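Step one of this worksheet: look at the structure below.
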Amino acid sequence: MAKKRFRTDRLFIIILILIIIIIFPVDSVRRFIYRFNEEYDTDSAIVLRIDESTSENIQVFGKKEEEIKENKGNGFEEISVDSSQLFYGELVKVDNENPYVYSGMPYAVDLINYRNDYYTLINETDSVILNIQAADALNMMMKDYYDVTGQANFLVYGTTDTYTGEDSYCPQYFPESSTGNTIDLAVNVGSDVLTYDGCDEEKWIIDHCHEYGYILRFPLGKREKTGKDFYPWHLRYVGKVHASVMKDLDYCLEEYLDILDTYTFDNPLSYRFGGSMYKIYSVRYTGEITSVPVPDSGEYTISGNNTDSFIITSVKF
């Protein structure tokens with residue numbers, strides 16, 4: 001009987017099958033681990049996931065203290081922040097107890113020349129000053145409001161200054177207006193101008209302003225925290241990320257700043273927004289110069305809270 005010859009093509013097929021058998025479960029495990037790490041950022045104490053249009057539930061995770069310490073400083077560097085920054089930024093809280101220390105508005109614009117065609121001003125002669133990021137957000141919000149409702153009936157009554165006489169449409173002055181991050185709204189109704197009450201089609205602004213970085217500064221049901229009644233016509237710009245966190249948690253600015261005070265570089269608040277993970281943490285003011293850890297790559301902003309801390313908002317790519 002002739003001996004059977006060993007066929008190399010069969011050997012190749014056997015080897016190929018074995019490779020497939022081995023690789024498939026390994027790859028499945030790799031994908032599972034990747035998804036777990038992507039969705040559950042265990043470096044943070046709180047992870048909030050959100051995209052541009054939907055909010056998801058808050059989930060709480062933690063790491064042992066020694067693990068946090070091992071990662072501290074990885075990809076970060078220390079910078080020196082001057083004490084004047086304490087009174088400047090999107091998150092400064094200004095009220096009668098914490099007056100605003102004017103530090104200038106180097107990026108301010110005049111809405112007389114900067115506004116778009118989807119809202120009007122109380123008049124077209126007196127300057128209406130707003131920080132440029134807040135102005136860009138206002139223009140975009142009013143454009144989208146028009147696209148949804150077909151209305152261009154909002155009137156910007158005040159920004160850094162608001163007339164508060166007997167015939168005022170927004171009969172209350174707020175010290176924080178001097179920051180250049182607030183707008184006061186009224187509504188054109190035919191030949192009349194009415195105080196904005198947050199109802200009807202115009203409620204769209206209250207429901208969606210967080211998508212543009214604005215918050216309702218004195219929302220309904222928060223008098224115990226803000227010391228103020230419901231003023232739907234007074235909006236405050238804080239940036240998209242912070243506005244979305246506050247919307248997700250149903251926090252007013254006072255509540256948000258209180259909770260941020262508990263988050264440090266070692267234990268930041270992490271927030272997924274628009275496909276990126278943001279780290280938000282506070283650094284206590286220590287004097288004329290404060291050492292602040294910031295990412296050595298990616299983007300970050302620093303805002304004072306107008307009292308005792310710097311708030312860092314960073315995103316790493």
Side-chain angles (χ1 to χ4, degrees), residues 30-79 81 85 89-93 133 137 210-215 237-285 290-305 308-317:
R30 181 191 64 81
R31 289 173 183 271
F32 173 81
I33 293 173
Y34 176 81
R35 284 197 302 269
F36 182 88
N37 289 333
E38 181 70 13
E39 294 183 9
Y40 299 92
D41 184 0
T42 53
D43 286 340
S44 58
I46 288 184
V47 176
L48 308 179
R49 297 178 200 79
I50 191 169
D51 59 26
E52 295 285 353
S53 59
T54 60
S55 299
E56 297 180 18
N57 293 331
I58 301 166
Q59 299 197 28
V60 180
F61 304 95
K63 292 191 75 175
K64 295 180 180 179
E65 185 177 358
E66 60 269 20
E67 292 177 308
I68 294 174
K69 288 182 178 179
E70 288 175 1
N71 292 329
K72 184 177 181 180
N74 184 25
F76 286 78
E77 60 184 359
E78 300 278 341
I79 65 169
V81 178
Q85 182 68 42
E90 297 170 346
L91 293 175
V92 294
K93 186 183 77 169
Q133 287 183 315
H210 69 282
E211 298 169 9
Y212 305 87
Y214 279 94
I215 61 170
Y237 183 78
V238 295
K240 285 185 179 182
V241 174
H242 298 294
S244 294
V245 177
M246 281 186 263
K247 177 73 171 181
D248 204 61
L249 294 173
D250 188 29
Y251 276 177
C252 62
L253 183 60
E254 282 77 7
E255 291 171 306
Y256 185 53
L257 292 177
D258 283 346
I259 193 175
L260 285 187
D261 199 45
T262 68
Y263 290 98
T264 64
F265 172 76
D266 292 336
N267 185 33
L269 185 154
S270 294
Y271 190 69
R272 188 173 294 282
F273 178 83
S276 298
M277 179 65 79
Y278 289 81
K279 303 283 187 180
I280 307 171
Y281 51 94
S282 296
V283 175
R284 188 72 66 179
Y285 159 80
T290 300
S291 183
V292 174
V294 298
D296 56 14
S297 62
E299 299 177 355
Y300 65 89
T301 62
I302 299 177
S303 174
N305 67 358
D308 58 5
S309 295
F310 302 103
I311 300 164
I312 295 82
T313 307
S314 67
V315 57
K316 298 201 70 178
F317 303 107

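All values reported here derive from a predicted model rather than from experimental measurement.
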Heavy-atom closest pair, residues Met277 and Arg272
CE-NH2, 3.3 Å
Between the CD atom in Gln133 and the OH atom in Tyr237, the distance rounded to the nearest 0.5 Å is 4.5 Å
Between Glu299 and Thr313, is there a side-chain heavy-atom distance shorter than 4.5 Å?
no
For Thr262 against Asn267, the heavy-atom pair lying closest together:
O-ND2, 4.4 Å
Spacing of CG belonging to Leu269 relative to CG belonging to Leu249, to within rounding of 0.5 Å:
7.5 Å
Is a donor on one side and an acceptor on the other found under 3.5 Å between the side chain of Ser291 and the backbone of Glu78?
no
Would a distance-only check, ignoring hydrogens and angles, find a side-chain to backbone donor-acceptor pair under 3.5 Å from Ser309 to Ser282?
no
What distance separates Tyr212 OH from Ser244 OG, expressed to the nearest 0.5 Å?
11.5 Å
OH-CD1 distance between Tyr300 and Ile79, expressed to the nearest 0.5 angstrom:
4.0 Å
Assess the pair Phe265 and Tyr281: is the distance between their ring centroids shorter than 6.0 Å?
yes
Pro268 and Tyr263 have their tightest heavy-atom pair at C-CD2, 3.6 Å
Considering all heavy atoms, the nearest Ser303-Glu90 contact
OG-N, 3.3 Å
To the nearest 0.5 angstrom, please state how far the OH atom of Tyr271 sits from the CD1 atom of Ile280.
8.5 Å
Contact check, side chains of Ile311 and Leu257, non-hydrogen atoms, under 4.5 Å
yes
Measuring only between side-chain heavy atoms, which start at C-beta, is Val81 closer than 4.5 Å to Val283?
no
Give the minimum heavy-atom separation between Asp250 and Glu255, together with the two atoms involved.
O-OE1, 3.8 Å
Do the side chain of Asn305 and the main chain of Asp308 share a donor and acceptor less than 3.5 angstrom apart?
yes
Might you point out which heavy atoms bring Val238 and His242 nearest each other, and give the distance in Å?
O-CD2, 3.5 Å
From Thr301 OG1 over to Leu91 CG, what is the distance, rounded to the nearest 0.5 angstrom?
7.5 Å
